[in-house]
Amino acid sequence: MDWLELLLIVGLFLVGLRASAFFSGSETGFYRLSLPRLGIDAQSGERAAQHLLWFARHPAYFVATTLVGNNIANYITTMSIGLGVVWLFSRTTDLLEVGATLFVSPIIFLFGELLPKNIYYRSPMALMEREVWLFRLVFWLTLPLTWPLVQLNRLLERVSGTVSRPMELLLGRSRLVQMLGHGHHEGVLTTAQSRLANGVLQIATQAVDTTMTPSARVFGVDDSANRDEVLRFAKKYGVAIVAVCRAQLGRPDDWYAYYLVSEVATTTRPLTSCKRVMPRLPVGSSKLEALRQLHAKSVTTAAVVGPDGTVLGLVSERGLIEQLFSPSQATHQMVARDEVS
């Protein structure tokens, strides 16, 4: 009878350990899923992909189920340790239970946390699709517990005025970078195309004022300068574009237009007809929006203005395009890591 009790205790411990491994690994695998691939598989009729896509679109239920499942697994493991102490010593004390817990903690951490997370990290799609039926079973069984948690989370979001982003937006950028990395690795994308796409991802949300030339450092002429003065200025400083201010030079908040030196030197038209007015970009504008406006208005330079209309600096189309082909090291590291995995 004693050995039967021991087998039951060991079996209970293994069940708790397996449950801990399942929920810990599923949590890592969930955030490694490729949403484009899930969508394609779901549209092709794969039931497992359809179930995973539902959880991806309702991440609060996945997180709540994982939270409850991990707590249940920990409770089962702790209970089995307590029963094991009683079986060994025919009694239990706080000291014995703490000592036994510390003794088996490395086993729980290794086989219930570390190894499952690494395995699911390396092969999230295959493992999640294979075991999604089990996760759905736990989801329905624990729904009376998880539903209040989800509703509480939504209530707190409404009270605080924050709205959680959809999973497509939360994971979309890293998944897109992963797809670009795979495309480059397989030869579908050239190096230039890959750099361009990564550059767009990098500068899409960056503020344009982080790359502008401050007004105090802009060299140019005022709008009373004649053709010879503009050409002499361009030759002296070796520039192809000459900025123009409204009044005297030294009023950096008055930059509003520019001359193309090549046009000034080759045309016989009046100098005022060569003047190109710069679009004015709010200081919080993104670099991608700045590049779009420059292209739409067929100009090469724009003025970045503050809330009061003061020109804070100038930004050039050439500088923004160079950034498109020079993504940060962080993006290269992300692509390389996704290619390896």
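In this text the structure is predicted, and so the values were computed from the model without any measurement.
Put simply, the side chain of S285 never gets that close to the backbone of L281: no donor and acceptor are under 3.5 Å apart. A side-chain donor-acceptor contact under 3.5 Å links S215 to the backbone of G313. In this structure, the side chain of H58 engages the main chain of W54 through a donor-acceptor pair within 3.5 Å. Looking at R280, its side chain does come within 3.5 Å of a backbone N or O of G309 through a donor-acceptor pair. In terms of modelled atom types and a separation under 3.5 Å, the side chain of N153 and the main chain of L149 share no donor-acceptor contact.
Between the CE atom of M128 and the OH atom of Y120 there is a distance of 7.0 Å, given to the nearest 0.5 Å. Note that OG of S24 and CG of N70 are 4.5 Å apart. Values are rounded to the nearest 0.5 Å. Considering OG1 of T310 and CG of L312, their distance stands at 7.0 Å, rounded to 0.5 Å. Going from atom CZ of R136 over to atom CG of L141 covers 11.5 Å, rounded to the nearest 0.5 Å. Taken from CG in L8 to CG in L12, the straight-line distance is 8.5 Å, to the nearest 0.5 Å. Atom-to-atom distance recorded for R227:CZ and R269:CZ is 8.5 Å, nearest 0.5 angstrom.
At a threshold of 4.5 Å between non-hydrogen side-chain atoms, the residues L231 and V264 count as touching. Contact check for T65 versus F135: side-chain heavy atoms found under the 4.5 Å cut-off. Between L294 and T300 the shortest side-chain heavy-atom distance does not fall below 4.5 Å. Between K235 and V261 there is no side-chain heavy-atom pair separated by less than 4.5 Å. Looking at V299 and E317, their side chains never come closer than 4.5 Å, going by heavy atoms from C-beta outward. With a 4.5 Å cut-off on side-chain heavy atoms, E229 and V221 do not count as touching. Taking the side chain as every heavy atom from C-beta outward, N226 and V230 never approach each other to under 4.5 Å. Contact of the T267 side chain with the C274 side chain is registered, since non-hydrogen atoms from C-beta on lie closer than 4.5 Å.
For the pair M278 and A302, the tightest heavy-atom approach, listed with the atom from each and the gap, is CB-CA, 4.1 Å. Here the shortest heavy-atom pairing between V150 and A60 reads CG2-O, 3.9 Å. Nearest heavy atom pair, residue A73 against residue S20, reads CB-N, 3.5 Å. Taking each heavy atom of V283 and V208 in turn, the nearest pair found is O-CG1, 4.3 Å. Nearest heavy atom pair, residue I9 against residue S80, reads CG2-O, 3.4 Å. Between A100 and V85, the closest heavy-atom pair is CB-CG2, 3.6 Å.
Counting non-hydrogen atoms of neighbouring residues, nucleotides and ligands closer than 6.0 angstrom, the CZ atom of F111 reaches no more than 12 such neighbours. Within a 6.0 Å sphere centred on CZ of R217, heavy atoms belonging to other residues, nucleotides or ligands number 12 at most.
A donor and an acceptor atom, one from each side chain of Q293 and E289, are located under 3.5 Å apart. R318 and S316 are not linked by any side-chain donor-acceptor pair at a separation below 3.5 angstrom, with hydrogens and angles left out of the test.
Note on V15: it does not cluster hydrophobically with L110, by side-chain heavy-atom contacts below 4.5 Å among ILVMFWY residues. Follow the hydrophobic side-chain contacts under 4.5 Å out from L6 and you reach F103 in the same cluster. Residue L83 is not grouped with residue V86 when hydrophobic side chains (ILVMFWY) are merged at heavy-atom distances under 4.5 angstrom, including chains of intermediate members. Residues V277 and L314 fall into different hydrophobic clusters, defined by Ile, Leu, Val, Met, Phe, Trp and Tyr side chains chained together at heavy-atom separations under 4.5 Å. Tracing side-chain contacts under 4.5 Å through hydrophobic residues (I, L, V, M, F, W, Y), one reaches L53 starting from W140; they form part of the same cluster.
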Criterion side chain to side chain contact (heavy atoms under 4.5 Å, CB included) on I241 and T301, from CA distance to verdict: CA-CA 9 Å; I241 296 176; T301 308; 4.1 Å; yes

Derivation and outcome, side chain to side chain contact (heavy atoms under 4.5 Å, CB included), residues E129 and H51: CA-CA 9 Å; E129 286 186 343; H51 297 322; over 6 Å; no

From CA spacing to verdict: side chain to side chain contact (heavy atoms under 4.5 Å, CB included), I72, T142: CA-CA 10 Å; I72 294 175; T142 59; 4.3 Å; yes

Verdict with supporting geometry, V242 and V239, side chain to side chain contact (heavy atoms under 4.5 Å, CB included): CA-CA 7 Å; V242 178; V239 294; 4.1 Å; yes

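Considering F55, F62, Y61, F23 in turn, F62 is the only one that fulfils the ring-ring contact (aromatic ring centres under 6.0 Å, His included) rule with F30.
Side-chain rings of F233 and Y237 approach one another, their centers coming within less than 6.0 Å.
Classification of E131 and R18 as a salt-bridged pair holds, one side-chain N sitting under 4.0 Å from a carboxylate O.
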